[in-house]
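Report on the following structure.
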Amino acid sequence: MKAILTDSEKRLHWQEVPDPVPGEDDVLIKIHAAALNRADLMQREGDYPPPPGCPKWMGLEVSGVIEQMGNGATSKSSWKAGDRVCALLGGGGYAEYVSVRYDMLMPVPAGCSMVEAAAMPEAFATAYLNLFYEAKIREGNTLLMFAGTSGLASVIIPMAKAFGIRVLTTVSSESRKKAIVPLGADRIINLSEENLMEVLKQQLQEGHPVDVAIDCVGGEDMGACLPYMNHGGRWIMIAALAGTHTVIDLKNIYVKNIRIIGSTLRSRRPEVKAQICSDLVKHVWPKVEQGLIRPTIYRVLPVQECEAAQDILYRRENVGKVVLQVS
């Protein structure tokens, strides 16, 4: 089969690799589409290696059709050859085929295309992990989601709204603000015109302090935002695109019982990921099929143009997910 490999100069090439061999509990998927994530860029740069046992090429989420199943996968699940599925991967999605444990599969939701389904496993699992496992967010809470035009935000915002959560989000320009209005955030903060801390202070005074923040930006402003969180607030750090250093007044942490939580999906144990997949199908897929939550697709490119697709993420021009069409 073919897959996208990275050369010594970090260029990407579609070339021959050995076919995957499914294990006892594995399912072989013929990939139709694979979605991009910022973690793929980190892996390309050598900063985010795949877990042991995973292919060395990138790709954390795919959609496709089951072609073959191990004996354990057959006996332990209801999956069968020919099923349309999407899958959460530790790596290896930029390819024609992938082998993955049966409990990392989810059905393609009714009414969703294969392209949409490919954009769901990693983003939806990350959203669910951080909203409900880490933050334990509840109906009526206020969420601050950074980088409102990102692929992850395009999932988290409508997911949070579907569960009765009030959402604030940030963007870098008026054009990007207009682009994400359909996601349904209650307040979109244009950082080119507004001061984030002043907005959060106003929200606090109006009785809407932030209960949960999901932060992929970090940088100097992170510490300055903490005084405007609610008592018992949870600040979830998933990346630090604006820098890894900030200044924190520790009094804000212990007086207001604020928790700062570092979180990544890829490092979780397989059984945790499997439980998240199960929870998504049970609690979120019905809302997807009702049209309350859908992935926002920014662009679809053939897998052979993977480098151009990743360049879109490097330039941060996408509003929503970028997807590779494989077959």
Side-chain angles (χ1 to χ4, degrees), residues 1-23 26-68 85-101 104-105 113-123 125-126 150-152 216 239 241 264-267 295 297-327:
M1 72 168 191
K2 287 188 175 181
I4 293 289
L5 298 185
T6 308
D7 67 19
S8 59
E9 297 180 350
K10 300 177 182 175
R11 303 299 302 271
L12 305 180
H13 304 277
W14 183 239
Q15 61 188 69
E16 291 289 338
V17 298
D19 292 341
V21 179
D26 293 340
V27 171
L28 182 68
I29 299 173
K30 180 177 175 58
I31 297 172
H32 282 221
L36 275 65
N37 290 276
R38 195 155 292 278
D40 301 341
L41 309 187
M42 296 168 62
Q43 181 172 333
R44 180 178 173 182
E45 299 297 329
D47 296 329
Y48 200 29
C54 289
K56 61 182 179 181
W57 44 92
M58 296 164 280
L60 300 177
E61 53 187 348
V62 299
S63 65
V65 175
I66 295 177
E67 287 223 340
Q68 183 182 335
V85 296
C86 52
L88 178 65
L89 310 176
Y94 291 13
E96 292 181 301
Y97 292 88
V98 69
S99 178
V100 59
R101 278 180 55 96
M104 298 299 170
L105 302 183
S113 69
M114 293 296 253
V115 165
E116 288 176 312
M120 294 171 65
E122 170 73 13
T126 298
S150 67
L152 181 59
C216 56
L241 299 176
T264 61
L265 175 64
R266 196 177 196 180
S267 62
I297 306 300
Y298 177 73
R299 187 124 179 241
V300 181
L301 291 170
V303 67
Q304 294 87 348
E305 297 180 26
C306 181
E307 198 160 295
Q310 287 199 353
D311 284 345
I312 294 172
L313 269 66
Y314 275 117
R315 295 191 298 267
R316 300 183 188 177
E317 71 178 50
N318 56 301
V319 179
K321 299 282 286 187
V322 178
V323 179
L324 301 173
Q325 190 87 51
V326 180
S327 66

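Given the structure is predicted, the values throughout are model-derived calculations rather than measurements. Numbering starts at 1 and runs along the sequence shown.
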Sequence neighbours excluded, which residues qualify as side-chain hydrogen bond (donor to acceptor under 3.5 Å, both in side chains) partners of [X]?
| X | result |
| --- | --- |
| R44 | Q310 |
| Q304 | none |
| Y48 | none |
| S327 | none |

Assess the residue pair Y94 and L36 against the criterion (side-chain contact (heavy atoms from CB on, under 4.5 Å)); give the C-alpha distance rounded to whole Å, side-chain angles, the decisive distance to 0.1 Å, and a yes or no. CA-CA 9 Å; Y94 291 13; L36 275 65; 3.3 Å; yes
With sequence neighbours excluded, residues passing salt bridge (charged side-chain N to carboxylate O under 4.0 Å, His left out) with [X]:
| X | value |
| --- | --- |
| E305 | none |
| E45 | K10 |
| R266 | none |

Look up atom [atom1] in [X] and atom [atom2] in [Y], then write down how far apart they are to the nearest 0.5 Å.
| X | Y | atom1 | atom2 | value |
| --- | --- | --- | --- | --- |
| H32 | E96 | NE2 | CD | 11.5 Å |
| D19 | L28 | CG | CG | 8.5 Å |
| W14 | C306 | CH2 | SG | 9.0 Å |
| E67 | I31 | CD | CD1 | 11.0 Å |
| D47 | L41 | CG | CG | 10.5 Å |

Look only at the side chain of E307 and the backbone of L12, and say whether a donor-acceptor pair between them is shorter than 3.5 Å. yes
Return yes if some donor-acceptor pair links the side-chain N/O of R38 with the main-chain N/O of L313 below 3.5 Å, else return no.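 It does hold such a pair.
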Using side chain to side chain contact (heavy atoms under 4.5 Å, CB included) as the criterion, list what pairs up with R315, not counting sequence neighbours.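 With neighbours one apart ignored, the set is D311, I312, E317.
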With sequence neighbours excluded, what pairs up with E116 under the side chain to side chain contact (heavy atoms under 4.5 Å, CB included) test?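 Result, side chain to side chain contact (heavy atoms under 4.5 Å, CB included) vs E116: C112, S113, R294, P295, I297.
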Without placing hydrogens or testing angles, list every side-chain donor-acceptor pair under 3.5 Å for residues 56-66, not counting sequence neighbours.
{"unit_1": "W57", "atom_1": "NE1", "unit_2": "G92", "atom_2": "O", "d": "3.3"}
{"unit_1": "E61", "atom_1": "OE1", "unit_2": "E122", "atom_2": "N", "d": "2.6"}
{"unit_1": "E61", "atom_1": "OE1", "unit_2": "A123", "atom_2": "N", "d": "3.3"}
{"unit_1": "E61", "atom_1": "OE2", "unit_2": "N37", "atom_2": "ND2", "d": "3.0"}
{"unit_1": "E61", "atom_1": "OE2", "unit_2": "K321", "atom_2": "NZ", "d": "2.5"}
{"unit_1": "S63", "atom_1": "OG", "unit_2": "M114", "atom_2": "O", "d": "2.7"}

